[in-house]
Amino acid sequence: MTAPVFVVDSLGPSDLPGGEYVLDGPEGRHAVSVKRLRPGEGVVLTDGRGRWSEGVVTAAEGKDRLVVGNLAEVHEEPPEQPRITVVQALPKGDRGELAVETMTEVGVDAVVPWAASRCITQWKGDRGLKALAKWRATARESGKQSRRTRFPEIADLATTKQVAALLADADLAAVLHETGDEPLATAELPTTGDIVLVVGPEGGVSPEELALFARSGARPCVLGRTVLRTSTAGTAATALLLGRTGRWG
């Protein structure tokens with residue numbers, strides 16, 4: 001799928017009267033004024049939740065109105081298996097958005113922001129809501145850029161206890177940590193269900209957090225000989241797992 005992707009609120013047969021859709025608002029503006037699409041070019045419309053339809057531009061009107069036709073069929077992409085969730089400790093500055101962007105591009109299914117004890121960054125009040133909105137906007141835009149039709153879920157900010165509960169329910173739970181004696185590259189993987197990985201902050205996962213996660217069934221694993229930054233570890237781990245599970249193939 002190489003045609004540019006645009007997001008719509010819903011995508012069902014009733015949303016495509018006569019096999020046509022009018023794309024307006026910010027998405028229409030991006031299509032007409034930024035991408036400069038013209039009649040005859042192909043596009044993909046998606047709801048970001050797995051439903052998509054491929055069509056052809058029939059008209060570009062003004063600065064923000066694109067008419068897409070030949071939308072005869074709505075496809076539904078099933079969720080991938082196994083599902084990969086990365087619990088991402090809050091990084092400093094804009095590294096959180098960088099982590100979400102690259103994890104989305106490689107194919108992560110969900111990202112859980114985590115307020116680890118050693119996080120310098122704190123999401124509180126309006127600041128926290130704005131930061132979460134940026135992560136979700138980044139996932140949406142990166143999903144479009146990478147031609148995904150099922151965008152990753154960006155969960156609400158999780159506490160350490162909530163992360164432990166998530167790990168307890170996983171089919172494979174791992175904490176990326178330098179103390180691990182098991183490489184993630186050789187860990188036994190489930191063919192279905194949930195894989196949950198924890199990526200700690202720059203200061204590392206605390207001993208108390210490691211102990212709690214261990215009681216929830218998570219084991220420490222290493223990626224390799226080098227220590228990656230928190231903003232890149234999740235991306236590298238996701239790519240490794242996608243290759244090993246056959247989702248990249």
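What's counted below: heavy atoms across the whole structure, side chains too, no hydrogens, waters or symmetry copies. This structure is a prediction, so every number in the text was calculated from the model and none was measured.
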Kindly write out the residues that satisfy salt bridge (charged side-chain N to carboxylate O under 4.0 Å, His left out) with [X], not counting sequence neighbours, or none if the list is empty.
X      : answer
Arg38  : none
Asp156 : Arg136
Arg127 : none
Glu73  : none

Problem - side-chain contact (heavy atoms from CB on, under 4.5 Å), paired with Val87, selected from Val199, Thr160, Val196 - result: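 Per the side-chain contact (heavy atoms from CB on, under 4.5 Å) rule, the option paired with Val87 is Val196, out of Val199, Thr160, Val196.
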Residue list, side-chain contact (heavy atoms from CB on, under 4.5 Å) with [X], at least two apart or on another chain:
X      : value
Ala239 : Trp248
Leu129 : Asp126
Ala115 : Leu157

Determine whether [X] and [Y] fall in the same hydrophobic cluster, where Ile, Leu, Val, Met, Phe, Trp and Tyr are linked whenever their side-chain heavy atoms lie under 4.5 Å apart.
X      : Y      : answer
Val100 : Leu90  : yes
Val198 : Leu228 : no
Leu23  : Leu37  : yes
Ile195 : Val163 : no
Leu11  : Leu71  : yes

Exercise for the section: Return yes when atom CD of Gln145 has more than 12 non-hydrogen atoms of other residues, nucleotides or ligands closer than 6.0 Å, and no otherwise. Expected result: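 Result for CD/Gln145: open.
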Between [X] (side chain only) and [Y] (backbone N and O only), is there a donor and an acceptor less than 3.5 Å apart?
X      : Y      : answer
Thr149 : Arg51  : no
Ser216 : Leu212 : yes
Arg150 : Arg49  : yes
Glu209 : Ser117 : yes
Arg147 : Ala3   : yes

Identify the two heavy atoms, one from [X] and one from [Y], that lie closest to each other, and give their separation to 0.1 Å.
X      : Y      : value
Val112 : Ala158 : CG1-CB, 3.6 Å
Gly128 : Trp123 : CA-CB, 3.6 Å
Gly42  : Pro4   : O-CD, 3.5 Å
Ala236 : Leu223 : CB-CD1, 4.1 Å
Gly93  : Thr121 : N-OG1, 4.3 Å
Ala164 : Phe213 : N-CE2, 4.0 Å

To the nearest 0.5 angstrom, please state how far the [atom1] atom of [X] sits from the [atom2] atom of [Y].
X      : Y      : atom1 : atom2 : result
Thr138 : Leu98  : OG1   : CG    : 9.5 Å
Ile154 : Leu132 : CD1   : CG    : 8.0 Å
Ile84  : Leu241 : CD1   : CG    : 5.0 Å
Arg219 : Leu167 : CZ    : CG    : 12.0 Å
Lys35  : Leu66  : NZ    : CG    : 12.0 Å
Thr245 : Leu172 : OG1   : CG    : 11.0 Å

Any side-chain heavy-atom pair of [X] and [Y] under 4.5 Å:
X      : Y      : answer
Val22  : Arg65  : yes
Asp169 : Asp194 : no
Phe6   : Val68  : no
Ser53  : Leu16  : yes

Practice task
Please collect all side chain to side chain donor-acceptor pair (under 3.5 Å) contacts where either partner lies in residues 82-106, sequence neighbours excluded, each pair once.
Solution key: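 For residues 82-106: Arg83-Glu153, Gln88-Thr230, Arg95-Ser231, Thr102-Thr235.
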Practice task
Mind jotting down which residue pairs meet the side chain to side chain donor-acceptor pair (under 3.5 Å) criterion with at least one end in residues 14-33? Sequence neighbours excluded, please.
Solution key: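 Matches after skipping sequence neighbours: Ser10-Asp15, Glu27-Lys144.
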Practice task
Determine the interplanar angle of the His75 and Trp52 rings, folded into 0 to 90°, and report it as parallel if under 30°, tilted if 30 to 60°, perpendicular if over 60°.
Solution key: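 Geometry flag for Trp52 against His75: parallel rings.
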Handout entry: Linked hydrophobic residues, Val222 as query - side chain contacts closer than 4.5 Å
Key =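 None, because no other hydrophobic side chain comes under 4.5 Å of this residue.
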List the atom pairs, donor and acceptor, that lie under 3.5 Å between side-chain atoms in residues 173-181 and the rest of the protein, sequence neighbours left out.
| unit_1 | atom_1 | unit_2 | atom_2 | d |
| --- | --- | --- | --- | --- |
| His177 | ND1 | Thr179 | N | 3.2 |
| His177 | ND1 | Thr179 | OG1 | 2.7 |

Practice task
Output every pair passing salt bridge (charged side-chain N to carboxylate O under 4.0 Å, His left out) with a member in residues 106-123, not counting sequence neighbours, ordered by first then second residue.
Solution key: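 Every salt bridge (charged side-chain N to carboxylate O under 4.0 Å, His left out) pair that includes a residue of residues 106-123, provided the two are not neighbours, is Asp109-Arg247.
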Problem - Candidate pair Asp171 and Thr192, rule side-chain contact (heavy atoms from CB on, under 4.5 Å), full reasoning - result: CA-CA 8 Å; Asp171 296 277; Thr192 61; over 6 Å; no
